Amino acid sequence: MLGTLRRFGVSSVLRASAPRTLSTRWASQLPKVQALSASSVLTRSLHSSFPKFSAAVAQESTETEPSQKIEKFAELGEQGFIDSTIIKNITHPSRMNLETMTEVQSMTLREIVKGDDVLAQAKTGTGKTLAFLLPTLQNILNDPGVDVSKVGRYSRTAPSEIRALIISPTRELAEQIAVEAKKVAFGTGLIVQTAVGGTQKRSGLMKIQREGCHLLIGTPGRLKDILSDPWTGVSAPKLNTLILDEADRLLDQGFAPDIKEIQGFLPDPSKIDRQTLMFSATVPREVMSLVRQTLKPGFQFVQTVREDEVPTHHRVPQKVVWMRGLENGMPAVLEIVKNYQARRANGEDLRPFKAIVYYNSTAETKCAADAFNNLRRSYDVGTTPLGELKMLEINSRLTQADRTRSAESFRRSPSGILFSSDVTARGMDFPDVTHVIQVGVPRDTETYIHRLGRTARAGKEGEGWLLVHKGEDVCFRSRLGRIPIKEDTASLPAAWADMSQQATDSSATSETVSQMKAAMAAVGPTHKIKSYMGQLGTIIGNFSSKRFAIEVLNKQFVDGFGMESPPQIAPRVAQQMGLGKIPGVNIGTGSRRMMEENDSSSSGGFSRGGFSRGSDHGFSRGGDRGSFSRGGDRGFPRGDRGGFSRGGDRGDRRGGFSYGERRGDRGDRGDRGSSRGPRRALEGLDF
DNA sequence: AAAAAAC
């Protein structure tokens, strides 16, 4: 277990009398406040798992000015505290061109150089990456065992010289961190390498073997792969620093086992003392016990987010718009674009429109990207406000090459729209994003916060939009009730248009709706079916009843996608989801066949409503991998899908009687009478 | 049937 790896750290004295059972291991320690340094900033040494601990330290003055001393990078060099080459890389105008440290950077620097374990929470876009890279690279330089000298132009570093490992939840984020690390390390002789999935394993390994490695950055799967394989020659016998970026994500259900396994491949911390660093903008209370088990007792908890504050930016106006139907989502997005472009054309001093549109499933991103591409083609490219916008798409079902291309293209582009799944939700730094638009209630509070954080970075402005079906208002309130989101009932009439009717007037909104309808009609039927099924999986519990949810999805399929009738759901799937007796559910196996036929005759055959055919590359191929459970349930007895449901949210348990019941929202509901307390803490403070 | 992440 994670905890055992940490038990022999610095505080082994404290550990000696601790009970060995997991549940009580840390509970015997007393709370202790170590530092409370600024009105808006907290640093604490955590020893406690006692609830209500935060009350003891909540003595900061309520309002304002960050009394934290402003620190310059240059001073760190003058003091001889940080290597002069590193400082030059950071400060030189032709390089990173940074002058002053951000709060999180200056609050964690000395702790990390000292060797303490640190959990740091700071808002999105405030320089967390540099906060852990700078001291970590300095620590490697300080290590007397590290030789950065060269023979000619060749490094003498071996692949077994890895001193620090950084784990990231996504490939693109790992690459982004590596780019920044190489900038900081330039000219120091320190070697930075990456290990992520979707790339040639062999060539990556050869590069590490040839050049050596001090700092390795990667994603869980590939790291596990190469560290567990003795043939790779890549090992980390001298590793003394482990960094979890987006730590709460890496410690949640999906990733924790991988992280645990990776820790098992690292040197025994009782033999080689290891520093562990965790960074994130969100630290929900659910992960705190895992944090405590993974960090040394007495670790520093640095927060630059005030206790009573939700970790979103006050700079970002956030709006929620209620939609009449799910089919109104795309017209509403189009209306946001048009409204903004009209204001720009009117002479308002606005930056070029650069937006990320988030969906909860990959298939939705595909449908939206295809539809907007259809629409864009119908404009005269480059001459109209919409035609000049680049339409891009990114999700995990694309090939890695396409993912990289989209991300790079969006990063470089001054304007455009990126239709994205949650691959880009965390950590990604696309410069100058003006809008973050989220369609549908995000799966949890943290997801909302991180997506929103793709805008208003590094002191810039931005705006946040959330488009939600009116029937999801209860779900919205329970999941996002504490976030300062304002209702906007005026800006987007397209969100409330009745799309079952052909518009008779000639208003701008009617035009927007009919344009979008035509563009959606031309999207391939396979994508529409997958979108329906994808949404089925994510939103059914958001509505007050399954019947209601099905009705809403069917309406989108017909009135929005322009399809004849709702897609067929396989009987077994329907039963699994407790949809067997729900009115409106179209039970049958026709959808699969339809998609397979459509996929195999790849160049169409379906009418595409006057638009040129959208490119199908990548998606349909990848789509076969996991969706629609082809062979996915082989080996499981019927009705037991091996941990498919998280427990408690399957409606079919009670013989299909599920009408009116609602899913538990992963415990963040507050009306369940559970012993977990009223709700999870956004700030991670009131644990 | 629903993000992500290894071949």
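The structure displayed is predicted, hence computed values, not measured ones.
For the pair A:D229 and A:K201, the salt-bridge criterion is met [side-chain N within less than 4.0 Å of a carboxylate O]. A salt bridge is defined here as a Lys NZ or Arg NE, NH1 or NH2 lying under 4.0 Å from an Asp or Glu carboxylate O, and A:R454 with A:D429 fails to meet this definition. Taking a cutoff of 4.0 Å between a charged side-chain nitrogen and a carboxylate oxygen, A:R285 and A:D248 do not qualify as a salt bridge.
Distances were taken from every side-chain heavy atom of A:Q576 (C-beta onward) to each of B:dA2, B:dA1, B:dA5; the shortest belongs to B:dA1. Distance from the side chain of A:T538 is smallest for B:dA2 among the nucleotides B:dA2, B:dA5, B:dA4. Considering only side-chain atoms of A:R171, the nucleotide from B:dA1, B:dA5, B:dA2 that sits closest is B:dA5. Taking the side chain of A:K224 as heavy atoms from C-beta on, and the options B:dA6, B:dA2, B:dA1, the nearest nucleotide is B:dA6. Set against B:dA1, B:dA5, B:dA2, the side chain of A:V573 has B:dA1 as its closest nucleotide. Closest to the A:R443 side chain, of the nucleotides B:dA1, B:dA2, B:dA6, is B:dA2.
Here the P atom of nucleotide B:dA6 and the CZ atom of A:F265 are 14 Å apart, to the nearest Å. In this structure, A:E364 atom CD and B:dA1 atom P are separated by 16 Å, rounded to whole Å. In this structure, A:R479 places its CZ atom 12 Å from C1' of B:dA2, rounding to the nearest Å. Atom CD1 in A:I569 sits roughly 12 Å away from atom P in B:dA2 (whole-Å rounding). Atom C1' of nucleotide B:dA5 and atom CG of A:L223 are separated by 11 Å, given to the nearest angstrom. A:I167 places its CD1 atom 12 Å from the C1' atom of B:dA5, with the value rounded to the nearest Å. Distance, A:D252 CG to B:dA5 P: 13 Å, rounded to whole Å. Between A:R403 atom CZ and B:dA5 atom P the separation is 4 Å, expressed in whole Å.
Within the structure, every side-chain polar atom (N or O) of A:T447 is placed at least 4.0 Å from both OP1 and OP2 of B:dA3. For A:T362, a side-chain nitrogen or oxygen approaches OP1 or OP2 of B:dA3 to under 4.0 Å. In terms of phosphate contacts, A:R451 brings no side-chain nitrogen or oxygen within less than 4.0 Å of OP1 or OP2 of B:dA3. Residue A:T170 places no side-chain N or O under 4.0 Å from the OP1 or OP2 atom of B:dA3.
For the pair A:M288 and A:L119, the minimum side-chain heavy-atom distance is below 4.5 Å.
Under the side chain to side chain contact (heavy atoms under 4.5 Å, CB included) criterion, A:E261 pairs with A:K224, A:F265, not counting sequence neighbours.
Residue contacts for A:N360: at a heavy-atom cut-off of 4.0 Å it reaches the sugar-phosphate backbone alone, with no base atom in range.
Looking at A:R249, its side chain comes within 3.5 Å of the base of B:dA3 through a donor and an acceptor atom.
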